[in-house]
Structures are given as structure tokens and as C-alpha cells.
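Everything below concerns the one structure shown next.
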Amino acid sequence: MESVLIVSNTNTTMGIISAMLQSQPFDRIVTSQDSSEARRYLLDGDFDLVIIDTPLVNELGDDFSVHAAETTSSGIILVVEVEKLEDIALRVEDSGVFVLPKPLSPESFYQAVKLLIASRNRLAKLEEENRRLQRKLEETRTVDRAKCVLIERLQMTEAQAHRHIEKIAMDSRQSRMEVAESILRRYSD
């Protein structure tokens, strides 16, 4: 599900941005007029994209954009007046915030949205690969600990312990991780 949070102090701007997003694959568009409410929305759910139209009611919006970038995996677009563009961009770009000038041109807006969606999708794939590798590393550590227990308790060689775990896993149709955890439970003191 693709979801967007639009934060702007004017209904007109929210309407313009919402209209521009109609051609995009977003299932849910949430709007907010101040950063306090928007921060609560970020705590309650994950958004694929956060669009912030500066200035906000209770702050400029650059601090909120950095907060959103650092606490979520959302793509962040900060829309600022052209006179402030360079100054604000220097403050927020290191956090991964994409800065666009006002008034928004539909072409640059669409390009920014597409770029952030593509970047977010790539990041999601990398995060999934990272989780997969973390699980694999945890499995390897657990199996190695079980091998050490077998070597210590049953005086097996490393190769024998490895074959023992593999054989039990194959015979019982369990994963090596399940067998290793079983061995660790069995021989824990």
C-alpha cells in the first residue's frame, strides 16, 4: 500500500498537492496542518512519502523534515520558497530530504515523487536482504554454538558435530537452527 502524508498550513496547497498525486499509485493520502499533529501521524503509521509545504503553523518545517527522515523510512519532500531554497537545502539534504522550490511545477514534482518512490523501493529491498543476512548470521552462530557444545560434551570433532546436526535436521525434517536450538536446550546447565 502506498501512502502519503501531506503537511501544509493551507488547504489550497494541500488540495493542489493532492490533485497532483491523483495520477500516482497512492491508496491513502493523509493531511495535516501542523507538525505536532504530523508527528503523531508518523508515530501511528508508516508513510511511503511525506510532503511538507513550508512554512508550517508552528515552525518552518525543516526541523520536522529532518525528524521524519531520521525516524522513518519515508521519502521526504520539502517545498520551500525559492529565496530560502539553498539555505534550507544545505541544512536538510544530509538527512536525505529532497527540497523543491515554490511554486511547484508538475513536472519536477512528478520526477521527485517517482525518484523517491524508486529510492524507497530500492531501500526496502536492501533492508529485506539485510534482514535475510541477519537471520542467516544468527543461524550460523547458533549452529556453531551447538557444534561447540557437541565437541565439548560428546568429544566430537568439528566435522562430526557438523554431520550430526545435518543428519538430525534431515532425518527429522527440521531446520539446522531448530536442531541447534534443541541441542543447546538439552545441554544447557
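Here, residue 1 is the first one in the sequence, and each next residue gets the next number.
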**OP:** Measure across Phe109 and Ile17 and return the closest heavy-atom pair with its distance rounded to 0.1 Å.
**Re:** CZ-CG2, 3.9 Å
Original post:
Is there a donor-acceptor pair closer than 3.5 Å between any side-chain N or O of Gln155 and the backbone N or O of Glu152?
Top reply: yes
Subject >> Polar side-chain atom of Glu37 near backbone of Asp34 as donor-acceptor pair, under 3.5 Å >> reply: no
**OP:** Without swapping roles, check the side chain of Thr140 against the backbone of Lys136 for a donor-acceptor pair under 3.5 Å.
**Re:** yes
Subject >> Glu2 versus Asp48, closest heavy-atom pair with distance >> reply: CA-OD2, 2.8 Å
Original post:
Would you say Lys102 has more than 12 foreign heavy atoms packed within less than 6.0 Å of its NZ?
Top reply: yes
Original post:
So, does Thr142 use its side chain to make a donor-acceptor pair with the main chain of Met177 at under 3.5 Å?
Top reply: no
Subject >> Considering all heavy atoms, the nearest Leu5-Ser32 contact >> reply: CD1-CB, 4.4 Å
Original post:
What is the distance from atom OG1 of Thr157 to atom NE2 of His164, rounded to the nearest 0.5 Å?
Top reply: 12.0 Å
Subject >> Heavy-atom pair of closest approach, residues Ile165 and Arg176 >> reply: CG2-O, 4.2 Å
Original post:
From Leu78 CG over to Ser65 OG, what is the distance, rounded to the nearest 0.5 angstrom?
Top reply: 4.5 Å
**OP:** Output the distance between atom CD (Gln174) and atom CD1 (Ile168), rounded to the nearest 0.5 Å.
**Re:** 8.5 Å
**OP:** Ignoring hydrogens and angles, tell me if any N or O in the side chain of Arg153 forms a donor-acceptor pair with the backbone of Tyr187 under 3.5 Å.
**Re:** yes
Original post:
Got a salt bridge between Arg135 and Glu128, using NZ or NE/NH1/NH2 to carboxylate O under 4.0 Å?
Top reply: yes
Subject >> From CG (Asp62) to NE2 (His67), nearest 0.5 Å >> reply: 13.5 Å
Subject >> Note, Cys148 side chain near Arg145 side chain (heavy atom, < 4.5 Å) >> reply: no
Original post:
Between CG of Leu123 and CG of Leu116, what distance do you get to the nearest 0.5 Å?
Top reply: 11.5 Å
Subject >> Which atom of Ala161 lies closest to which atom of Ile151, heavy atoms considered >> reply: CB-CG1, 4.2 Å
Subject >> Donor-acceptor contact below 3.5 Å, side chain Thr54 vs main chain Val79 >> reply: yes
**OP:** May I ask you to check whether over 12 heavy atoms, not counting those of Arg186, lie within 6.0 Å of atom CZ?
**Re:** no
Original post:
Got a second to check how far Leu60's CG is from Arg91's CZ, nearest 0.5 Å?
Top reply: 6.5 Å
Subject >> Short side-chain to backbone donor-acceptor contact, Glu59 and Phe64, under 3.5 Å >> reply: yes
**OP:** Please report the shortest heavy-atom distance between Val99 and Ala89, naming the atom on each side.
**Re:** CG2-CA, 3.9 Å
Original post:
Do the side chains of Lys114 and Gln111 get nearer than 4.5 Å, heavy atoms only?
Top reply: no
Subject >> Sidechain-backbone polar pair: Asp46 side chain, Thr72 backbone, donor-acceptor under 3.5 Å >> reply: no
Subject >> Salt bridge Asp144-Lys147, side-chain N to carboxylate O under 4.0 Å >> reply: yes
